Amino acid sequence: MTNFSIPTRYKVLSVFLIWGAAILFFFLRFDAYGLQENAARALMFVWSIVDGVAHPVVVLGAPDFRALLFIPIGLLWTGNIAAAKVFTLLILAASSLLLYDWSRRTQGQESALIATGLLLVSPLALTQIDSIGSGPYLLLAAGLGFWLDRVYREDPKPLGGWYFSQIFLAALSVSLHPAGLGYPAALLWQWYKNPVDSRQQRHYYVGLFSITLFVLFIRMGWSDLSWWTNPVQSLSMLLLGPSDEMTTLRWMTGGIIFVALLLTLFRQIREQDLAKRTLTLGILLGLPSADSGWAMLALGFLLYVGVALLIRVHESIPGESFMAKRSGVMAFIFVVATVFMVNDRANFELRRIEPLPARDRLISAITQQAKADFEAKKHVLVASQWPGRTMIACQCDVLPLPYPAKDPKTQLEMLKGVDYLMFDPRKNELLGRNIAMLGQATETLAIQSTGVIIHIKK
């Protein structure tokens, strides 16, 4: 009687199908809220091109290169936010498989399995999928970059398809976040230390420098990022999920993770391959904008590098018993997995109680106002601090905030034609002061913790 066994690839596929289905049915929202601003702008850019609608790309700025990846879903499902979230879910799945392959080849299968399993159930990963965040795409640069470099070196053809694939991956990562500079910097170092030949080395030098400068020029740096964010607050998201409030628990959790991140970086600084160097440089270069995308990169580093380091420490402990060799590793898996799943459940329950995220309640208010104006056959023009998210939610004409003027009268002239102004006064103090001094020319429609809505009277 022959033994029947299921091939490994089918087992892996079934696990990812179950994981993806659980996320789609229980953890994602499919309305117009909860999106990252840059992702919303990329989606609006693609949808406007597909539908032949004029898009204010000049005033909003060029979108990041996710817009190129969104072209297929834009052609097939124009205006469908769920398709973009499913695509981001697939990107995270591909990133985890590529990082697993890298970790298995360089650090062992045990640590690779542990890291991949914990990454897929982390609260931050689910949040990044739901908001179409930059984190899964930054992780893709590390995993796919290692694979592309390995494939290219096995059959190095100058200026071939694998070369331009790496150049495009560098452009994608740089356009997303300052942490994305880690991949082209790591690839440059790779070709500086281990060139195939001098000719191809020059190709990579020229290509990577050129594409990095080109992306930074057309993007004018990075728009709509939170600069000089507290990294401890961002790192607390790894275990506890996103929140705007810094409680004592979050300070303690973020502080412990920050110390663990520094220790792991210090211990691994001399043992660097392309993927590990991409993660390391991404964390260091992205520190000035330590947002949730940067935190996702830090999570990948701690799991794929930190777990392997923890196993190596246990291997050096004398004795052959399970407690000597794996007690700390099992305790780590139990604690982290439990915290992850408890917070996943808490986020699921919170969504049932409060369906709308706090940061989107202001956009919901302007959406209701715009809907009322449309029913009254009034044209609506909104100037918003979050133009991409506002445009998708209210489906009206939206412009970015005007620059603060030298006096209120000049500010009012700059707002000619604008019906509503939506912004956070704490982050736009000069603009808020000018609006406050306009008196009866304006009317406050809504005041919330995330900002205000001002009606500009005709």
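Starting from 1, each residue takes its place in the sequence as its number. Keep in mind that what you see is a predicted model, and the values were worked out from it rather than measured. We use all heavy atoms of the structure for the numbers below, so side chains are in, but hydrogens, waters and symmetry mates are not.
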Euclidean distance, I453 CD1 relative to L421 CG, rounded to 0.5 Å: 10.0 Å
Smallest separation among heavy atoms of I129 and T88, with atom names: CA-CG2, 4.1 Å
Salt-bridge criterion met for D360 and R389 (N-O under 4.0 Å): yes
Short side-chain donor-acceptor distance under 3.5 Å, Q200 and Y204: no
Short side-chain to backbone donor-acceptor contact, T78 and G74, under 3.5 Å: yes
Non-hydrogen side-chain atoms of L68 and F45 separated by less than 4.5 Å: no
Parallel, tilted or perpendicular: rings of W189 and Y192 (30°, 60°): tilted
Side chain W227, main chain P288, donor-acceptor under 3.5 Å: no
R150 and D101 ion-paired at < 4.0 Å: yes
Spacing of CD belonging to Q36 relative to CG belonging to D130, to within rounding of 0.5 Å: 12.0 Å
side-chain contact (heavy atoms from CB on, under 4.5 Å) evaluation trace for L431 with L401: CA-CA 9 Å; L431 179 62; L401 287 178; 4.1 Å; yes
Residues, nucleotides or ligands: over 12 heavy atoms within 6.0 Å of M246 CE: yes
Heavy-atom check, side chain of S236 versus side chain of V232, under 4.5 Å: no
Closest contact, heavy atoms only, L35 versus A40: CD1-CB, 4.4 Å
Any donor-acceptor N/O pair, S175 side chain to L172 backbone, under 3.5 Å: yes
From CA spacing to verdict: side-chain contact (heavy atoms from CB on, under 4.5 Å), W386, M422: CA-CA 8 Å; W386 313 276; M422 184 168 63; 3.9 Å; yes
Donor-acceptor contact present, side-chain N80 to main-chain A83, <3.5 Å: yes
Closest non-hydrogen atom pair, P402 against Q411: CG-NE2, 3.9 Å
Under 3.5 Å donor-acceptor, T278 side chain and Y183 backbone: no
Derivation of the side-chain contact (heavy atoms from CB on, under 4.5 Å) call for L216 and T212: CA-CA 6 Å; L216 293 178; T212 300; 4.1 Å; yes
Interatomic spacing from CG in L144 to CG in L169 - rounded to 0.5 Å: 5.0 Å
Modelled atom types, side-chain donor and acceptor of H177 and D64, under 3.5 Å: no
D149 and Q190: side chain donor to acceptor below 3.5 Å: yes
Flag side-chain contact, heavy atom, 4.5 Å: W191 against H203: no
Validation row: F30, I81 side chains within 4.5 angstrom (heavy atoms): no
N343 backbone acceptor or donor facing N347 side chain under 3.5 Å: yes
Name of the residue among P178, S134, S234, S226 meeting side chain to side chain contact (heavy atoms under 4.5 Å, CB included) with W294: S234
Under-4.0 Å salt bridge between R199 and D197: no
More than 12 heavy atoms of other groups within 6.0 Å of R153 CZ: yes
Heavy-atom closest contact (L119 atom, M296 atom, distance): CD1-CE, 3.9 Å
Heavy-atom side-chain proximity of F70 to I132 below 4.5 angstrom: yes
S95 (side chain) donor-acceptor with P136 (main chain) under 3.5 angstrom: yes
Derivation of the side chain to side chain donor-acceptor pair (under 3.5 Å) call for D273 and W102: CA-CA 10 Å; D273 54 33; W102 156 69; 2.9 Å; yes
L208: which of V174, L187, L213 passes side chain to side chain contact (heavy atoms under 4.5 Å, CB included): L187
Over 12 non-hydrogen atoms of neighbours within 6.0 angstrom of CZ in F26: no
CG-OG1 distance between L303 and T264, expressed to the nearest 0.5 angstrom: 10.5 Å
Centroid separation W77 to W47 less than 6.0 Å: no
Spatial distance of atom OG (S122) from atom CG (L302) [nearest 0.5 Å]: 11.5 Å
Derivation of the side chain to side chain donor-acceptor pair (under 3.5 Å) call for Q128 and S292: CA-CA 8 Å; Q128 285 284 289; S292 57; 3.1 Å; yes
Side-chain heavy-atom pair T390, Y420 within 4.5 angstrom cut-off: no
Minimum side-chain heavy-atom gap C396-V382 below 4.5 Å: yes
Flag, side chain of S96 to backbone of A93, donor-acceptor distance under 3.5 Å: yes
Contact check, side chains of I114 and V329, non-hydrogen atoms, under 4.5 Å: yes
Neighbour count above 12 (heavy atom, 6.0 Å) for Y205 OH: yes
Worked check of side chain to side chain donor-acceptor pair (under 3.5 Å) between D424 and Q385: CA-CA 7 Å; D424 185 350; Q385 182 177 337; 5.3 Å; no
Closest heavy-atom pair and its distance - Y33, A393: CE2-CB, 3.9 Å
Polar contact flag, side-chain donor to acceptor under 3.5 angstrom, Y100-Q109: yes
Donor-acceptor contact below 3.5 Å, side chain R250 vs main chain L235: no
Pair W222-N38, side-chain contact (heavy atoms from CB on, under 4.5 Å): steps then yes or no: CA-CA 10 Å; W222 297 274; N38 282 327; over 6 Å; no
Ring-face cation contact, Y137 with R66, 6.0 Å cut, 45° max: yes
CG on L148 to CG on L98, rounded to 0.5 Å: 8.5 Å
Pair Q107-S111, side-chain donor/acceptor within less than 3.5 Å: no
Donor on one side chain, acceptor on other, T116 and Y304, under 3.5 Å: yes
Identified ring pair (Phe, Tyr, Trp, His ring centres under 6.0 Å) partner of W162 from the options W147, Y152, F168: W147
Minimal non-hydrogen separation, L430 against P404, with atom names: CB-CB, 3.7 Å
